[in-house]
J.: 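This is the structure, below, for whatever I ask next.
A note on names: the letters A, B, ... follow the listed sequences, proteins ahead of strands, and every chain is numbered from 1.
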There are 2 protein chains.
Amino acid sequence: MIFNKPKEDDEIEKKIVNSIRNLGLDMIDNANSGHPGIVLGASPILYTLYAKHLRVNPDDPEWYNRDRFIMSAGHGSALLYATLFIAGYDLTIDDLKKFRSINSKTPGHPEYKTTPGIDASTGPLGQGFATAVGMAIAEEYARSIFTTKKGNLVNYHTYVLCGDGDLMEGVSYEAASLAGTLKLSKLIVLYDSNNTTLDGQTSKIFTEDVAARFLSMGWNVITVEDGDNLNSIDNAISRAKSFTDRPTLIEIKTVIGKYSKDEGTNKVHGGPLEKTDLNNVKAKLNVRDIPFTVSNNVVESFQNMIKNRIKKEYKKWQGEYSKLDSETKDEFTKLVELDLSQKVNSIDYKFPENNIESLRTTSGKVLNSIASNNKLLMGGSADVSSSTKTYLIDQKDFSSNNRQGKNIYFGVREHAMGSIANGLALSGIRPFVSTFLPFADYLKPAIRMAALMHLPVIYIFTHDSITVGEDGPTHQAVEQLTMLRSIPNLEVYRPCDANEVIGAYKVIMARDEGPSVIILGRNDVKIQENTSVKDVSLGAYIIKKEEKDLECVIMSCGEDLQTALDVSEKLTAKGLGIRVVSVPSIERFKAQKEKYIESLLPKKAKIIAIESSNSYSWTQFTENDKYVISVEEFGLSGKKEDLIKHFNLDTNSITEKIEKLLK
Amino acid sequence: MIFNKPKEDDEIEKKIVNSIRNLGLDMIDNANSGHPGIVLGASPILYTLYAKHLRVNPDDPEWYNRDRFIMSAGHGSALLYATLFIAGYDLTIDDLKKFRSINSKTPGHPEYKTTPGIDASTGPLGQGFATAVGMAIAEEYARSIFTTKKGNLVNYHTYVLCGDGDLMEGVSYEAASLAGTLKLSKLIVLYDSNNTTLDGQTSKIFTEDVAARFLSMGWNVITVEDGDNLNSIDNAISRAKSFTDRPTLIEIKTVIGKYSKDEGTNKVHGGPLEKTDLNNVKAKLNVRDIPFTVSNNVVESFQNMIKNRIKKEYKKWQGEYSKLDSETKDEFTKLVELDLSQKVNSIDYKFPENNIESLRTTSGKVLNSIASNNKLLMGGSADVSSSTKTYLIDQKDFSSNNRQGKNIYFGVREHAMGSIANGLALSGIRPFVSTFLPFADYLKPAIRMAALMHLPVIYIFTHDSITVGEDGPTHQAVEQLTMLRSIPNLEVYRPCDANEVIGAYKVIMARDEGPSVIILGRNDVKIQENTSVKDVSLGAYIIKKEEKDLECVIMSCGEDLQTALDVSEKLTAKGLGIRVVSVPSIERFKAQKEKYIESLLPKKAKIIAIESSNSYSWTQFTENDKYVISVEEFGLSGKKEDLIKHFNLDTNSITEKIEKLLK
């Protein structure tokens, strides 16, 4: 449906678009840093989206049932901030002047929780796209489980603005392929197609037929030939919203840096315009030449467009929400308030009769128990759920036919799995994802984003060391534990038995300030007598006291803890005073008071660590790396027992080594 | 062209295919570990490829001009080893019996340099596919520069066997998209399409039209409906070889675990067959039921097919190679022998007049100088060459029109860039690749493969810390240095000025046992008086001696070294005995003799480290993490100077902190 708009409407629309451009340029010029190309090229897209479609309330930017918008092309932050400012979000001209300054509300790339109206941090290309797929999954799931007689309390679209760079990244392909399979029809991607990236024209690097590719993946594709034509963009979004079977990609052909002397080239991508060019552009935009000004008419018109469109619906939703029966409301409020922490009081877990169980098996049982009492927990694996034991047995599978399933089949797509988890967490869902520890590498960029945004994603990584055995070095983690432990805001747990697995899940479930990793082996281990569920929260505790004057503390964790205990027994028999400290989480241990840390690791004792991984995690506790019994090279294919011997990780070799160290 | 084969040919072919299946199953049964599904499903593909097409000489498995074959679905190792054994590679029945045993020639996943006939290590899905793209680029480049009057000395195809899992991985998409853009027509991917992955049917996770997707990316696609029909596979490969404009995907529909009771399901993917099932399959295969036996007729026939096909060509190539003029031969021999180390004797580099230059700028000049004297060095960036300064100014761009270009535009595809570099290195090309340090995350899985295979790939990572400034935390590395330094076989260099940049390149170029990373800042730094080109190879050396009795050694590197010197000056003025040690490479420093290490870091002195990154890399030298001046949280968007202040990395704050530590 195309309206015949009065001419004055056309004019004010053009004015708003140009005011966004103008403010964006002012910000970049003032900061002497930023990306003018996308500001000039894509402002008609952002204007149309916010003015005509996006169901948001700038006065309540966190309204749960708002449409989501992710600027996957995060370098377009100036464009987004300028739009948000004029739209009436809690931003001032002064905030815009502080663009890219320390502690401002307008950082270099969009940051979640820093600026009102920013639904996700973006910047590393492809992440925003994949995160949006997570949001769209969350919407389908939440919509299906929270319905009232009057309709759905959850019912929103997720929009993405992305560029050529986003679409070249593998993570966006993975996410798009899954979105097509899952028929996420409320996902709409606005593709700012300008044939230009930082290093030049896409003709050199990206010649594929993007539209055909998305069609092949089960998407709808709409093309807008003139990215300056607001009606075309408007109509395309309207059509996209009308589809109910597939996600939609709207390819909008734009000109990067439009109106600049360098328009259409990479020269206008990543640095401020020269002064003369800036002035010329401003003249073409027909805007006032006093920096950081925008006419009242523009502000009022834009804000009214949004308000008038959403007012009624917003009020209606608030009304229905307040009238919810208390049971539904309790649960729904957790979703709405992104209240992702959970006190796990009881876990339905029976210890095996012989007291022996693999850590991944325990984890599977505990996870199943928690999931059965938590509607908002969902997740899955990158095609190895049968090995990571993360399948939720009593739950359904999330699919295009069943939106109430809590098991997500991510496919062999570790990276997208990580980014999708971020989208779930941003939408009030508590996500868990899993693969083998060495393949944590594949989703590292997504883990980093979770840590940056403080999202409580749970990563379940099994097959944790060379003890994987036969599959060989590509499947044996050596350096991954260090990689994970050194990420800020991320807590890594490597429990040694069922007690500690339970303890770890309790701490992880209660935590909502950031992501957590639980590391699990695949081999059978004994459930220890002295392990503690409770003390996992301290990160470390004494599991075996010294029997003589303390000479040496052995720190260890995971499957290695049994070795540490065996070694300590041998050393004790030789008359040495050996203490064993179980360290399920280095991060939590380091967060304890100095006094507690010293009570475990007295200065007079030699500190030794045992972990079948590299030494980097442990030298902070030991004198140097000689005191870490570790694996400093890649693994080998072979039977577990042969490998343990090969890497001198057997009890005898370690006992001998420690004896020497203590001499 | 379809031949009318005599019936006995048909029979022997079938026998060979089933013998491969049979041996593969024996290996898995004997090891009690492995993947029978692909052995039973894909052996007709491997048979046809080796018997009819692959130009290889089992007696000279490293013949440079051989066709390459990469088993991207690395879990199909038993299938590959069985094929190689019957084909006549240097493998014995005893080797097959040792499948998946320690130190065998038949590890759990294919490993480069471990088994004759293995062109690349594989296992983590998607890697093999992308590595093959690198091999195809290497072939185009080498073919174009090494031609004789009689023709091309380099002229081979690169084949890949991949499964659904490989194609779901983002890295394979990235590589495929680039392969299409570059029109790498000598790349042929055999897609073992069986609709099954570890966790079940692909209908749940992977519904895209793969053929249409590859067409959209500029590939040819051929479909073989019956993966057991050898003629169809043969004809498809013949057709693929005839194309000169695009790479080809041959989708071959197979049945996973064919003949097993669980054929066509994921149950037969990843574990040995039950005994009864195994026996039944063997009966259907019509093979002898004594394990590890294969008839002479099968062995001879298969080996003759290969020999007769390649004999003449192999001989001709050796003849031409021996007759090369000495100049061409010198260079060509380096390629043929994968001799990737280079002694860089002189570098055409002029120090800037004011002695100030950013490290990335110096790096760009040095790299350009080296490239101008090394035909076999090529590389590029994931779309940020103008920022990482890795563009080779006097060289051409590698493209579908110009195969002699040494500048590769990888597009915004960090992960594929890493894997493609591995393919180049495996083909005798010395590759360099570059992006910003925080985005090293994106290619971590590929870096790991390079380290595993000991490939001398050069990673040039710029924008190395929070000093990136305005772009904010997504663009500021904090944990990446630790991630890289903790990878076995990888050497990381973080030089502090032009001298050390030159020194680092010299060591890196001379090294061919593994990959190297050079870490560079983007800010201007002073070229120091006392830095050493030569001593970079030692990893660390004294850059400023103590003026009094030694109390404290400050270790530092990169842009932080200037801060260390400034701090030492202040502390010296306060009467303290301070030594500064420049540490361009921790790995190399640790590889020195104990005596040298202690001469730099005497036990009596307090050791302090300064690096604007996290502390994990340095606690191996210091008492604990309190003695590391570091950044333990994510960065911020803001001016560099403001951030340095915020993170207490300014000279005054550090000086104060060290004074306290020394008290």
J.: Compare all side-chain heavy atoms of A:Arg413 with those of B:Phe206 and state whether any distance is below 4.5 angstrom.
T.: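 Yes, close enough: below the 4.5 Å cut-off.
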J.: Would you check, one step at a time, whether the test salt bridge (charged side-chain N to carboxylate O under 4.0 Å, His left out) holds for A:Lys603 with B:Glu623?
T.: CA-CA 11 Å; A:Lys603 290 219 162 129; B:Glu623 197 175 315; 5.5 Å; no
J.: Measure A:Ala211 against the heavy atoms of chain B and call it side chain, backbone, both or neither at under 4.5 Å.
T.: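 For A:Ala211, no heavy atom lies under 4.5 Å from chain B.
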J.: Please classify the contact of A:Ser399 with chain B as side chain, backbone, both or neither, using a heavy-atom distance under 4.5 Å.
T.: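 A:Ser399 has no heavy atom closer than 4.5 Å to chain B.
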J.: Between A:Pro488, A:Gly638, A:Gly108, which residue shows the highest count of heavy-atom pairs closer than 4.5 Å to chain B?
T.: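 The option with the most such pairs is A:Pro488.
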J.: Judged by atom type as modelled, is there a donor-acceptor pair below 3.5 Å linking the side chain of B:Asp642 to the main-chain atoms of A:Ile102?
T.: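 A pair under 3.5 Å: no.
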J.: Using only atom types and a distance under 3.5 Å, with no angle test, would you say the side chain of A:Thr474 pairs donor to acceptor with the backbone of B:Pro124?
T.: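 No; judged by distance alone, with no hydrogens or angles, the pair does not exist.
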J.: Would you mind checking which part of A:Leu167 comes under 4.5 Å of any heavy atom in chain B, side chain (CB onward), backbone (N, CA, C, O), both or neither?
T.: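 For A:Leu167, backbone heavy atoms alone lie under 4.5 Å from chain B.
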J.: For A:Leu636, which atoms come within 4.5 Å of any heavy atom of chain B: side chain, backbone, both, or neither?
T.: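 Only the side chain of A:Leu636 comes within 4.5 Å of chain B.
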J.: Counting only N and O atoms by type, is there a donor-acceptor contact under 3.5 Å from the side chain of B:Asn489 to the main-chain atoms of A:Glu633?
T.: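 Side chain of B:Asn489 to backbone of A:Glu633, a donor-acceptor pair under 3.5 Å: no, none is there.
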J.: According to the interplanar angle, ranging from 0 to 90°, do the rings of B:Tyr442 and A:His415 count as parallel (below 30°), tilted (30 to 60°) or perpendicular (above 60°)?
T.: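 The arrangement is perpendicular - the two ring planes meet at more than 60°.
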J.: Within the distance-only criterion (no hydrogens, no angle test), does the side chain of B:Glu174 pair as donor or acceptor with the backbone N or O of A:Gly170 below 3.5 angstrom?
T.: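 Pair found, side chain donor or acceptor close to backbone of A:Gly170.
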J.: Whether the side chain of A:Asp625 engages the backbone of B:Gln620 through a donor-acceptor N/O pair (distance < 3.5 Å, no angle test) should be reported.
T.: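 Here the side-chain-to-backbone pair does not exist.
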J.: Could you tell me whether B:Glu632 and A:Lys590 make a salt bridge, using a distance below 4.0 angstrom between a side-chain N and a carboxylate O?
T.: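 Looking at B:Glu632 and A:Lys590, the cut-off is not met.
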J.: Identify which of A:Gly126, A:Ser381, A:Ser216 forms the greatest number of heavy-atom pairs closer than 4.5 Å to chain B.
T.: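 Most pairs with chain B among the choices: A:Ser216.
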J.: Taking side chain as everything from C-beta outward and backbone as N, CA, C, O, which of these in A:Asp471 sits under 4.5 Å from a heavy atom of chain B? Side chain, backbone, both or neither.
T.: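 The answer is both parts of A:Asp471.
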J.: B:Gly34, B:Pro438, B:Gly180, B:Ala451: which one forms the most heavy-atom pairs within less than 4.5 Å of chain A?
T.: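 Highest number of pairs under 4.5 Å: B:Ala451.
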